[in-house]
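Here is the structure we will look at, set down as structure tokens.
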Amino acid sequence: MYVIATVVLVLLLLGIAALALVRVHWPLTVPAPAVRRPDPAAKWRVAGILTGAVAAAVAVAAQTPELGRGILLAAPVFSIGVFAGALTGEATRGLPAGGVRRAGLRVRRTLDYVPRLLGAGVAVSTVALFAVATLTTMTASADSGGRQLTCPGNVQEPWPGSHYTVPALSAVVAGLVLAAFTLHRVVRRPQAAELAATDDALRRRSAEVVTAATGVLVLVPLTGIALTAALALRTRSECSAQWWDFAGQSLSALGLVAFAAAAWCGACVLLPAKRARA
């Protein structure tokens, strides 16, 4: 299981790098008002990405190969680092200078700044993660500590039960709470020193990074749980009951889709769109 997880992680990193290049050459959104100066929050987002990457590497290295929980926790740890960086960047944005300021009344909604397709995908993935994790937790063998599935003939197969899902979902819930708070801060903070249209573009960039990091937070554990369960159901003849085979095929498809979506979200974290929908 540890070897498979390592291979999947390496492929995910390669996919993220490839999709980041795609985003450079083929952006998907229309131009927004140009930013007159560098985004002051960008350096904090980069610092959060680097901190999260280092913390995720430590989480992987700290776990033994037999347990394999470190790789499952790496994505939530990374995403929490990204959230912390984005939150710090939003808190340090400068307010308009000068003795005379203008006040205005404007209602800002989170949905106005979160990318619609990306946000919808993250929401659906979150529901899928909790559904699949609940299913695998409930079907794990009671005497295996949440690590195995008992197939016909009393054959034990590695299984993503409570030993893996409970710490993973706990980290995901903590990350989701921090992501919601960060998005709230992005939307509700006072207007920065830029013009209103430019300030909105900066909010969209920050919201995209937070949403994409939430996707990584959810999709990587979903990929690991789904593919591990699918492998157990499809590789052993003892676990080849008809509904198990169908479940294995469904989990394989879900895991592959989640893998591709996680790579895309990772590319969005590394390279937020410089052009946002006006």
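Values below: all heavy atoms of this structure, side chains included; hydrogens, waters and symmetry mates excluded.
If you check the side chains of T137 and S162, you find no donor sitting under 3.5 Å from an acceptor. Between the side chains of S206 and E90, at least one donor-acceptor pair of N or O atoms lies under 3.5 Å.
Note on L219: it does not cluster hydrophobically with V122, by side-chain heavy-atom contacts below 4.5 Å among ILVMFWY residues. The cluster map of Ile, Leu, Val, Met, Phe, Trp and Tyr, joined by side-chain heavy atoms under 4.5 Å apart, puts L251 and L169 in the same cluster. Note on V218 and I80: same hydrophobic cluster, where clusters join Ile, Leu, Val, Met, Phe, Trp and Tyr whose side-chain heavy atoms are under 4.5 Å apart, directly or indirectly. Grouping the Ile, Leu, Val, Met, Phe, Trp and Tyr side chains by contacts below 4.5 angstrom, directly or via other members, places V257 apart from F259. Note: the hydrophobic cluster containing L233 also contains L222 (ILVMFWY, side chain heavy atoms under 4.5 Å, direct or indirect links).
Here the shortest heavy-atom pairing between P160 and T228 reads CD-CG2, 3.9 Å. Contact between A212 and L118 at its shortest, heavy atoms only, is N-CD2, 3.9 Å. Looking at every heavy atom in both residues, L217 comes nearest to P221 through O-CD, 3.1 Å. T182 and A86 make their closest contact through CG2-CB, 4.1 Å (heavy atoms, listed as atom of the first residue, atom of the second, distance). The two residues G255 and L227 have their closest heavy-atom pair at CA-CD2, 3.8 Å. What you find for F83 and A213 is that their closest heavy atoms are CE2-CB, 3.5 Å.
To the nearest 0.5 Å, atom CZ of residue R203 and atom CZ of residue R188 are 10.0 Å apart. Atoms SG and CG, on C265 and L270 in that order, are 11.5 Å from each other to the nearest 0.5 Å.
Looking only at distances, no side-chain donor or acceptor of T51 sits under 3.5 Å from a matching main-chain atom of G81. With hydrogens and angles disregarded, no donor-acceptor distance shorter than 3.5 Å links the side chain of R45 to the backbone of G85. Under a 3.5 Å cut-off, the side chain of W159 and the backbone N or O of T136 do form a donor-acceptor pair.
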With side chain to side chain contact (heavy atoms under 4.5 Å, CB included) as the criterion, how do I49 and F78 come out once you've worked through the C-alpha distance, each side chain's angles and the decisive distance to 0.1 Å?
CA-CA 7 Å; I49 291 172; F78 168 76; 4.0 Å; yes
Side chain to side chain contact (heavy atoms under 4.5 Å, CB included) between V173 and F130: does it pass, once the steps are laid out?
CA-CA 10 Å; V173 169; F130 280 87; 3.8 Å; yes
Would you check, one step at a time, whether the test side chain to side chain contact (heavy atoms under 4.5 Å, CB included) holds for I225 with Y164?
CA-CA 8 Å; I225 293 173; Y164 301 97; 5.8 Å; no
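Taking S252 as the reference, R234 meet the side chain to side chain donor-acceptor pair (under 3.5 Å) condition, with sequence neighbours excluded.
With Y113 as the fixed residue, the side chain to side chain contact (heavy atoms under 4.5 Å, CB included) test singles out one of V210, D200, L202: D200.
No side-chain heavy atom of L183 sits under 4.5 Å from any side-chain heavy atom of T214.
Counting only residues at least two apart or on different chains, no side chain to side chain donor-acceptor pair (under 3.5 Å) pair has a member in residues 116-135.
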